[in-house]
Amino acid sequence: MNICKKTRYIEVDLDYPEPEAISEAAAVIRNGGTVAFPTETVYGLGANGLDPVAVEGIYAAKGRPRRNPLILHVASIEQARLLVKVWTPLAERLAASFWPGPLTLILPRAAVVPEIVTAGLDNVALRMPAHPVALALIERSGVPIAAPSANASGRPSPTLAEHVRADLDSLIDLVLDGGPAVVGVESTILALNGECPLLLRPGGVTREALERVVGTVRLHETARPGAAVGDAELDGGAAPCPGTMFRHYAPRAEALVVTGDSGDQIDKVRDYLTAHPDRRVALLATVEAAPVYLRMMRGDAAWAVPAAPIHMEVVGSRSRPEDVASNIFGALRNCDQAGAEVILMEAIPLSGLGLAVMNRLYRAAANRTI
Ligand code: TXA
Ligand code: MG
């Protein structure tokens with residue numbers, strides 16, 4: 001489908017989202033249009049989740065495969081209850097603990113949920129975002145808002161309105177610009193339709209935090225960093241997360257995960273630069289290793305390499321995965337803009353938000369490592 005729209009951009013104040021801006025965006029939603037809006041995780045591309053034609057507009061703008069279902073965003077637990085067959089005690093406990101926030105719950109869907117939202121599945125994904133603009137927009141629209149991340153399908157998720165513009169300008173109706181999305185990785189997706197809560201996608205709520213509330217949470221095979229892409233249907237009988245079957249978060253450059261501790265990583269990066277002097281290499285570096293890379297880039301004799309990295313993004317400390325999470329998607333886009341052919345991305349430990357970070361980096365790299 002060919003779309004050509006005049007996309008409007010409105011800046012909103014986070015502490016006090018202007019009622020006019022929200023009303024205007026809500027009117028677009030109610031009229032069947034598409035609105036990109038900030039959430040605490042990443043920007044979403046929203047449409048009326050009860051209107052199949054409006055939802056069609058999301059798939060078209062993103063170029064998203066129709067087999068990949070959407071999350072319905074709600075402004076209250078009461079609104080969530082109307083969208084599922086049974087709102088279970090477990091769902092209630094999780095929502096009470098983590099909503100509003102970066103947790104998406106998967107439950108058997110109610111008949112009011114259009115098929116296009118769930119891509120024909122019997123389950124629906126629900127989340128109440130912890131962002132004043134998102135909540136105000138859902139409340140004002142009076143309908144659940146279907147919203148994937150507001151990037152072109154396959155690209156890194158947008159954490160700034162500028163990223164949305166780069167991917168979707170002239171394809172959507174409106175962008176509410178609320179500044180940077182602070183968490184930086186998408187919500188954790190937890191399936192509650194099986195016997196035991198099953199984590200389908202690690203995200204803004206850590207597995208450790210979930211387990212403190214509900215006990216053991218199993219990790220779906222495809223949620224593990226480095227799991228093969230395309231095997232989402234292997235976990236016999238368990239709810240698959242269709243999105244995990246598709247190439248994701250991909251920068252234009254070839255991305256490679258650099259494994260090991262900080263010392264190993266520095267050695268591997270130096271070896272790579274030495275072996276590939278003809279390539280334009282950018283780095284996603286931790287605070288720990290960045291000073292060494294800076295010396296390479298400055299041509300320090302002790303760290304001489306035949307061709308220095310052309311660009312470096314310092315994403316945070318290995319011991320502060322929440323900082324790394326908030327920076328990775330923007331950093332990947334910046335490396336592309338700097339003209340990188342290859343992006344070497346330092347791995348961080350898997351605890352806390354590190355699991356979500358590494359899940360995204362492995363996907364961006366299509367599991368390639370050095
Ligand atoms: O933080 C987030 O979750 C962001 C913000 C905008 O809320 N949204 C987001 O949506 O990341 P999206 O579409 O980029 O990723 C949603 C994932 C997809 O992998 C999709 O396959 C999966 O959720 N999903 C949606 N509905 C599902 C369902 N009924 N069963 C299983 N997986 C589902
Ligand atoms: Mg997405």
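Each ligand, and each atom within it, is numbered from 1 in the order the structure gives. Computed from a predicted structure; not experimentally measured.
Close contacts between ligand 1 and N123 involve ligand atoms 29 (N) [criterion: under 4.0 Å to a heavy atom]. For ligand 1, the atoms closer than 4.0 angstrom to any heavy atom of T41 are 1 (O), 2 (C), 4 (C), 5 (C). Heavy-atom contacts of R127 reach the following atoms of ligand 1: 1 (O), 2 (C), 3 (O), 5 (C), 7 (O) (cutoff under 4.0 Å). With ligand atoms numbered from 1 in the order given, ligand 1 contributes 25 (C), 26 (N), 27 (C), 29 (N) to contacts under 4.0 Å with heavy atoms of A125. Using a 4.0 Å cut-off to heavy atoms of H73, the atoms of ligand 1 that qualify are 5 (C), 6 (C), 7 (O). Here is the list of ligand 1 atoms found below 4.0 Å of a heavy atom in G44: 6 (C).
When L121, N68, I58 are checked for heavy-atom proximity to atom 20 (C) of ligand 1, N68 turns out nearest. Considering each of I106, N151, I189, the one bringing a non-hydrogen atom nearest atom 28 (C) of ligand 1 is I106. The closest heavy-atom contact to atom 27 (C) of ligand 1, among the options S157, P69, A181, comes from P69. For the residues E186, R109, R67, the heavy atom positioned nearest atom 11 (O) of ligand 1 is part of E186.
A donor-acceptor contact closer than 3.5 angstrom is absent between the side chains of R201 and T104. Judged purely by distance below 3.5 Å, without hydrogens or angles, the side chains of D169 and Y9 pair a donor atom with an acceptor atom. Using modelled atom types, one finds no donor on one side chain facing an acceptor on the other under 3.5 Å when comparing S262 with E288.
Contact annotation: for L70 versus ligand 1, heavy atoms closer than 4.0 Å belong to the backbone alone. Proximity of H131 to ligand 1, defined as any heavy-atom pair under 4.0 Å, is not found for any part of the residue.
Put simply, no part of T118 is less than 4.0 Å from ligand 1, judged by heavy atoms. Within the 4.0 Å heavy-atom cutoff, R64 counts among the residues contacting ligand 1.
Ionic pairing of E186 and R360 is present here: one or more N-O contacts between side-chain nitrogen and carboxylate oxygen are shorter than 4.0 angstrom. Salt bridge R165/D177: absent, no basic N to carboxylate O contact under 4.0 Å. Between E313 and R333, no side-chain nitrogen of the basic residue sits less than 4.0 Å from a carboxylate oxygen of the acidic one, so the salt-bridge criterion is not met.
Here's the thing with R201: one of its N/O atoms is less than 3.5 angstrom from an N/O atom of ligand 1.
None of E18, E24, E20 except one satisfies the side-chain contact (heavy atoms from CB on, under 4.5 Å) rule with I10; the exception is E24.
Clustering ILVMFWY residues whenever any of their side-chain heavy atoms sit less than 4.5 angstrom apart, transitively, puts I310 in a cluster other than the one holding W303.
Relative orientation of the F37 and H73 rings is perpendicular, given thresholds of 30° and 60° on the angle between their planes.
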